Trainee: 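Below is one structure. I have some questions about it.
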Amino acid sequence: MAKRRDEEELNVARRGFKDAAREGNHEEEARWANVLGDIYKQRGEYVEALKWLRIDYEVSVKHLPCKQLLPTCQSLGEVYLRLDQFKDALIYQKKHLELAKDSDDLVEQQRASTQLGRTYHEMFLLSENDHHAIRNAKKYFKSAMKLVDKLRENESCKRSTVFLKEFIDAHNNIGLLELDLDNLEEAEKFLLQGLKICDEEEIPENDDARSRLHHNLGKLYLELRDWGKARVHIEKDIVICKRIGHPLGESKGFINLGELHYRIQKYGEAIRCYQKALDIAKLMEDEDALVSQINQNIKIVKEAAQVLEELERDEQELKKLMRSTCRARGTSNERKCLLEQKACLDSLIDKSSTISVWPKHREFAKRIKKVATELCDKEKLSDSYLAIGESYQKLRNFSKARKWYMKSWNIYKSIGNLEGQALAKINIGEVLDSSGDWVGALEAFEDGYRLAIEGKLLPVQLSALENMHYSHMIRFDNLEEARKLQRDIQKLRQLLKDTDALRNRGSDYCSETDTEGGEYSIYSSDSCGSPDRHKASASKIHLPNHVEEIDENAPLVSLLHGRKKNSFNAKMPQKTNNSCMPESSIRHTSKSDDNQQASGRKRPRIIVSDDESDEPIESDRSKRRAYESHVGNIVASDIDIKLEETTATNAVQDLAHHNAASKDVLSSSMPVQIEESVCSFKSKKSNSTADNDAVLPNSNRSAASGLKSDGNCAFGDFLANQKYAGFNLPEHENDQFVAFKIGDETIQLDVSSFIDGDALDVESLKVEIACVYFLQPSEEKRSKGLLPVIGQLKCCGKALCSADPIADLRHFLYEKNVGIDVIITGWVPKRLMKLYADNCQEMSEVPNMKLLKKLYNLEVSEDEILISDCALQDLSISPFLTALQVHRTVAVLDLSHNLLGNETMERLQQIFALSSQKYGSLILDLHCNRFGPTALFQICECPVIVARLEVLNLSQNRLTDACSSYLCAILENCKALYNLNIEACSITSRTIQKIADTLHEGLVLSHLSIGKNYPISGNAMANLLVKLASLKRFSELSLAGIKLNKAMVDGLCELARSSSMSSLSLGGTQIGVEGAIKLTGALSSRPQELVKLDLSCCGLTSPGITQICANIASIGSVTELNLNGSSIGSECCDALAAILMDQQCSLKCLALNKCNLGLAGVVQIIQVLSGNDSLEELHLADNAAVPSERIIQFDLTPTRPKSNAAAPEPECKMNTEAEALEVADSEDEDMKRPAFSGQDGSCASSCQKNSFTCCQLIQDLSSAICLATQLQSLDLSKNRFSGEVIDALYTSWSSSRAGLQSQKHIVAKDHIVHFFTEGKKCCGIKPCCKRD
């Protein structure tokens, strides 16, 4: 009936087209061609549809207005998409969008955006690493959502069901995208919201929009293993498609239903469903790929049924073996029976994994655990733990999965099995990823990679790299790092390919050692074929060469053991099971099979043999920001270095191992050395961890310092195995050591890492010597915890100074081979340092030299523990925490800029709970780590911390809104807390509102930093500001990076009027000139004690700067003012000069970087400082571009002008002198002309006058610096001064700093120019670590 109706429609359309063509009615001709194309498209005859749509397009282009092309481009784009011709599809879809924008047609813009999103989505599913495709898919789907939402608000569109269905489809598309990104919770939210809209708007039950939602919800619940809900939605999808005459959707519905039956081992029902899908698909013309896929799925199910029969037979055999074992108890046959039972269980494990019977898999794995315990075999026991963890992971019980994986990892570590450790770490990473802890997952993958590197396990390295690539590309949207890892993956794949080729050639010469089955004997227990493997092979039809194909012939040594063989043989991501479901949405291409998702999803995994996804259920932008806050601390360069180190050696070693073990049954297929035990991969020290490898390369001047010792050293491994890779010494002195004489002992250090430019960093060298000397075992002082205080380092009787040129020192050290005498002026007890060193020795751990040097800090007491930026991780910090537990007394604990997570916080909670120090101030600085929300729970649960805590810095940790209740509890219960910093913690309005609700008058909170969090709504911020105004002691607020709207600015002004603020940081808030004037006016309206005001990057421009400066001047108490990034210009320098010349000015630090002051403005600012006695620090970077000016040579000898006398004008000369300044002219011929004429030194041309003007400004700048005697730090970076100008300016600087030693920091390539005095640090302190 339906077919006859289609034929009638086709005949009518053909007649209409012919009539229109004959009459020359081009509009009707194009319309009928479009109708014919649409009919063929609905019938699945895409090639024929394309033919008619091309006719429509050609007629429309030649004869019709551009607007008539809109439906044509849409139809062409859709058909090309269904044919998987993405390049052509994008051409027409982008043209569609362009035409819609030109005609300002929001309806067509929305449709075009939706189509573009679908195309990029399909490209992502078909690709391995198309990062741009997923970005564009998100962009266009979200754009479509916004456009349709805007259309629904239009009164003329509110009653239209068309836009309503588009709105529903937008939810469906975004939900599907989240599903394909494995964000299952987000996907469920969008899809259920779509159904809710259908119900609220009374969309008919038999509507195609509903069918799409039911289809995708069915798939979603399959992944969540909620079989009941999955079946309900799948059956609804099938019924709707059948009623509306949608054969493609009906076929896919039956495929989904077949997949459901397959997963619950109802293979007869699964085959019946697939057969129904096949019958429907065969009726469609151009769905050959769908037909082929269904046939493949039927084959898979039949093979799975055979495997199930084998499993049931083997299970009966197992029961017999168990009875035999019971009878053999206490006899000589007991061990034999246990081994037979273990072999049978291994086979059952493989078969249950193959057909995804995970409850049985868990049962068998736990049985193996008992057998391994009776055999007293730690390796088999750890294998069983790994298998149990896999079972729980597939059953989506992630907490238990992680517990068992950790147990497995601990045993592998205890026996030194690097392969097992690497496998466990990667599996732990997958569980963390599935649980939503993306940062923790990435860290685990990296640990697994380092262990695989150490064990030279190439396939495991590849798996770890691909998981890391997935994390960076999908989870954190880090394109640069993803590309880098992809290059490493390609190198490793090629290496594995070359290794296989070498092995295959080697096996040709020793054929008698090959077994009959060759490598296939390894997989004999899986000969029936895993559904996942079949699906994987099916998906490869569409994909380029993948790692799956390479790894298929590269089993690990652990393949000799049943559990590991299965865990690593699955070569496709978990989602490959969905190859049974060719399409996720009816609105997508009919060939967008989920088998194509394999390469775009999680990287090939270690324990992937299931057909369900264990992906994260949380998709939050906060995770990406938390990741960005610390990813710079991860030593990514290790990947390249270690890959290069192992690449050349592994292939040769693998071949050698193959030849040496050629008599082994599996020799012809083993890529790595085969021995009876995996313990052949034992590390040199059984207790070694990946963290040690991570710590040493990061210790730039400690681990890299290259230490030698004449005596025996307690830390011999540390002292002997250092990589002497410091900075290169000038000329040829690299890798030469200097002898330091301390009493009767001599220590040799490579001083190259302590050379900065042409000077030696003497103070850092003293600290290094003290710490190294402390580690000497023969030193009696060490046993007492005493460290030397080094007064001087003397070379040939002369004390070394940082200002001394390195050339002079080199002459004595390298040419005359003279040592350096170390003068010790005293001894200082460092109990905590001694405890840490003793623990490292006891635990056979390498001391972290960065940590040792931080603990040596002579400027702080033993109660102040400042160990930031030491590359510490949860494992590597363990010796220190053990020491801290003994030390107990802590007033300040700074663990910032490390890689610490929640495990460290648990240890800290225990340490404080056991401490006898029940009262007294406590400052916790934990910023820039990997702490999660539950770390705050540990704070809440520790009465000692709650009672003592006064300052808590949690900024740059991935806390998310999950921390809101904990933060509120801390604010409520920590009665002494006055300073809370939660900047860049990925929190949103929800947390800000909860904080506002918690605040009340009784709190002592005075400092709050919440900047760099997004999004924060105006209402939440307004409520917070109102509550802050009610606090009696509140005085410091940081909102840096939060864009403030007018309502927020008004709330801020009210806070300024009602509270006495001492610090206000608004950098990057973009409040603009109007907002800044209003705010500074409010601050000046009442007596304030405002000390710090940050208005950097707030969009301030010259018209309003004068008023802002006047308001700031009237406040009077400001000592630190930051106007960086403001467009001040030279015309507004007078306003700034007025502040500085004011006798009441109390400014000590002024930041004017990148303010467009020009050279004249820079000069003017510094000139007015001659009458200012308060300013100590001035930043004027990036304000002038001197090299673009013409500057001629002139005498720049610094002179101090006399009072009541004009400064002498510079004498311009052509001849260069020792202190002359020269900036090359841009025209060569100008240099040949006489530069001056006459006796007065006046310039001979207008060009020369311009040059002279710049010369005059440089001269004025030099004189101004000379007169600004109170300045202690001056930043002139990025002003493009030549080397001669910088030298001259520094001469002026150094000649005028009476009683203070002048220093400079110049880096020519980065245009850094810092002048400062002794005791001031020009740079090196991170902005987030600056303390008032």
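This one's a predicted model, so the numbers in the text were calculated from it and none came from an experiment.
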Trainee: Assess, by modelled atom type and distance only, whether the side chains of N839 and T882 contain a donor and an acceptor separated by less than 3.5 Å.
Mentor: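 No - no donor-acceptor pair under 3.5 Å links their side chains.
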
Trainee: Is there side-chain contact between F880 and L855, with at least one heavy-atom pair below 4.5 Å?
Mentor: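 Yes; the side chains approach each other to less than 4.5 Å.
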
Trainee: Applying side-chain contact (heavy atoms from CB on, under 4.5 Å) between F740 and each of T746, L765, V772, report the one that passes.
Mentor: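 Result: among T746, L765, V772, L765 is the only option passing the side-chain contact (heavy atoms from CB on, under 4.5 Å) with F740.
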
Trainee: Under 4.0 Å between a Lys/Arg side-chain N and an Asp/Glu carboxylate O for R831 and E862?
Mentor: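 No, no charged N to carboxylate O under 4.0 Å.
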
Trainee: Counting N and O atoms only, with roles assigned by atom type, does the side chain of K830 sit under 3.5 Å from a partner on the main chain of N857, one being a donor and the other an acceptor?
Mentor: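 Present.
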
Trainee: To the nearest 0.5 Å, how far apart are CD in E864 and OG1 in T889?
Mentor: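 Reported value, rounded in 0.5 Å steps: 11.5 Å.
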
Trainee: For side chain to side chain contact (heavy atoms under 4.5 Å, CB included), just list the numbers for T1119 and K1092, CA-CA rounded to whole Å, side-chain angles, deciding distance to a tenth of an Å, and then say yes or no.
Mentor: CA-CA 6 Å; T1119 61; K1092 177 182 176 181; 5.9 Å; no

Trainee: Taking atom CG of L893 and atom OG of S868, what is their separation to the nearest 0.5 Å?
Mentor: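 That separation rounds to 11.0 Å.
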
Trainee: Under a 4.5 Å cut-off applied to non-hydrogen side-chain atoms, are L884 and L908 in contact?
Mentor: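 The answer is yes, as the side chains (C-beta and beyond) meet within the 4.5 Å cut-off.
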
Trainee: Knowing that exactly one of T904, L895, D894 qualifies, which makes a side-chain contact (heavy atoms from CB on, under 4.5 Å) with L926?
Mentor: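 Exactly one candidate clears the test, L895.
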
Trainee: Would I820 and V738 satisfy side chain to side chain contact (heavy atoms under 4.5 Å, CB included), going step by step from the backbone distance to the final call?
Mentor: CA-CA 8 Å; I820 294 179; V738 176; 3.8 Å; yes

Trainee: Side chains of E1176 and S1273: does their closest heavy-atom pair fall under 4.5 Å?
Mentor: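 Of all side-chain heavy-atom pairs linking S1273 with E1176, none is under 4.5 Å.
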
Trainee: List the steps and the verdict of side-chain hydrogen bond (donor to acceptor under 3.5 Å, both in side chains) for D863 and S861.
Mentor: CA-CA 5 Å; D863 293 340; S861 69; 4.8 Å; no

Trainee: Could you walk me through whether L954 and L924 pass the side chain to side chain contact (heavy atoms under 4.5 Å, CB included) test, one step at a time?
Mentor: CA-CA 9 Å; L954 295 165; L924 284 182; over 6 Å; no

Trainee: Looking at Q885 and R888, what are the two nearest heavy atoms and their distance?
Mentor: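 So the two residues come closest at O-CG, 3.0 Å.
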
Trainee: Kindly give the heavy-atom pair with the smallest separation between A883 and Y836, and that separation in Å.
Mentor: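 Taking every non-hydrogen atom into account, CB-N, 3.6 Å.
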
Trainee: Do S955 and N953 have a side chain donor and acceptor closer than 3.5 Å?
Mentor: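 A pair is found: one side chain offers a donor N or O, the other an acceptor, under 3.5 Å apart.
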
Trainee: Do the ring planes of Y773 and W827 sit parallel (below 30°), tilted (30 to 60°) or perpendicular (above 60°)?
Mentor: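 Y773 and W827: tilted rings.
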
Trainee: Under 3.5 Å, side-chain donor or acceptor atoms of residues 971-978 against the rest of the protein: list the pairs with distances, not counting sequence neighbours.
Mentor:
from, atom 1, to, atom 2, distance (Å)
N973, ND2, A969, O, 3.1
K975, NZ, E972, O, 3.1

Trainee: Can you see which heavy atom on S1006 is nearest to which on R1033, and at what distance?
Mentor: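 What the structure gives for the nearest pair is CB-O, 3.2 Å.
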
Trainee: How far apart are the closest heavy atoms of L936 and C963, and which atoms are they?
Mentor: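 In terms of heavy atoms, the two residues are closest at CD2-CB, 4.0 Å.
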
Trainee: So, the side chain of S915 versus the backbone of I911: is there a donor-acceptor pair under 3.5 Å, distance only?
Mentor: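 It does not hold such a pair.
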
Trainee: Please check this pair: side chain of N957 against backbone of F931, looking for a donor-acceptor N/O pair closer than 3.5 Å.
Mentor: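 Present.
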
Trainee: How close do T960 and I987 get, heavy atom to heavy atom, and via which atoms?
Mentor: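 That closest heavy-atom pairing would be O-CG2, 3.6 Å.
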
Trainee: With a 4.0 Å cut-off, would you call D874 and R907 a salt bridge?
Mentor: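 A salt bridge is absent here (no side-chain N lies under 4.0 Å from a carboxylate O).
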
Trainee: By salt bridge (charged side-chain N to carboxylate O under 4.0 Å, His left out), which residues pair with E950, not counting sequence neighbours?
Mentor: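 Per chain and number, E950 pairs via salt bridge (charged side-chain N to carboxylate O under 4.0 Å, His left out) with no residue.
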
Trainee: Please name the pair of heavy atoms, one in L959 and one in G932, separated by the smallest distance, quoted to 0.1 Å.
Mentor: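 Closest heavy-atom pair between L959 and G932: CD2-O, 3.7 Å.
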
Trainee: With rounding to the nearest 0.5 Å, note down the distance linking CG in N929 to CG in L872.
Mentor: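 Output value for this atom pair is 8.5 Å.
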
Trainee: Taking the side chain as every heavy atom from C-beta outward, state whether Y449 and I453 have any atom pair closer than 4.5 Å.
Mentor: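 Yes, close enough: below the 4.5 Å cut-off.
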
Trainee: Using modelled atom types only, decide if a donor and an acceptor are shared between the side chain of S878 and the backbone of L875 within a distance under 3.5 Å.
Mentor: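 Checked: no pair found.
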
Trainee: Is there side-chain contact between C940 and I970, with heavy atoms separated by less than 4.5 Å?
Mentor: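 C940 reaches I970 side chain to side chain.
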
Trainee: Evaluate I790 against I769 for side chain to side chain contact (heavy atoms under 4.5 Å, CB included), listing each step before the verdict.
Mentor: CA-CA 9 Å; I790 300 175; I769 294 169; 3.7 Å; yes

Trainee: Between N898 (side chain) and L900 (backbone), is there a donor-acceptor pair under 3.5 Å?
Mentor: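 Pair absent, no side-chain N/O of N898 close to backbone of L900.
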
Trainee: Any salt bridge linking E443 with R930? Criterion: basic side-chain nitrogen under 4.0 Å from a carboxylate oxygen.
Mentor: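 Salt bridge: yes.
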
Trainee: When rounded to the nearest 0.5 angstrom, what is the spacing between NZ in K794 and CD1 in I823?
Mentor: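 So the gap between those two atoms works out to 5.5 Å.
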
Trainee: Could you check if a side-chain atom of R948 sits within less than 4.5 angstrom of a side-chain atom of F912, using non-hydrogen atoms only?
Mentor: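 Yes - at least one pair of side-chain heavy atoms lies under 4.5 Å apart.
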
Trainee: Side chains of F445 and K425, heavy atoms from C-beta outward: is any pair under 4.5 Å?
Mentor: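 No. Closest side-chain heavy atoms not under 4.5 Å.
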
Trainee: Count the heavy atoms of every other residue, nucleotide or ligand shown that sit under 6.0 Å from CZ of R402, and state whether that count exceeds 12.
Mentor: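 Count not over threshold, so no.
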
Trainee: When you look at E768 and K853, which way does the salt bridge (Lys or Arg N to Asp or Glu O under 4.0 Å) test go after all the steps?
Mentor: CA-CA 7 Å; E768 180 86 4; K853 290 195 286 188; 3.0 Å; yes

Trainee: Could you tell me whether a side-chain N or O of K378 sits under 3.5 Å from a main-chain N or O of Y412, the two making a donor and an acceptor?
Mentor: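 No, because the side chain of K378 does not come within donor-acceptor range (under 3.5 Å) of the backbone of Y412.
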
Trainee: How many angstroms lie between SG in C1328 and NZ in K1012, if you round to the nearest 0.5 Å?
Mentor: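 Answer rounded to 0.5 Å: 7.5 Å.
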
Trainee: Verify the distance criterion only: is there a donor paired with an acceptor across the side chains of E983 and S1038 at less than 3.5 Å?
Mentor: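 Indeed, the side chains of E983 and S1038 share at least one donor-acceptor pair under 3.5 Å.
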
Trainee: Starting at CG of D925, measure out to CD1 of I867 and round the result to the nearest 0.5 Å.
Mentor: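 One finds 11.0 Å between CG of D925 and CD1 of I867.
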
Trainee: Are L451 and W409 close enough that some pair of their side-chain heavy atoms sits under 4.5 Å apart?
Mentor: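 Heavy-atom side-chain distance check passes, below 4.5 Å.
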
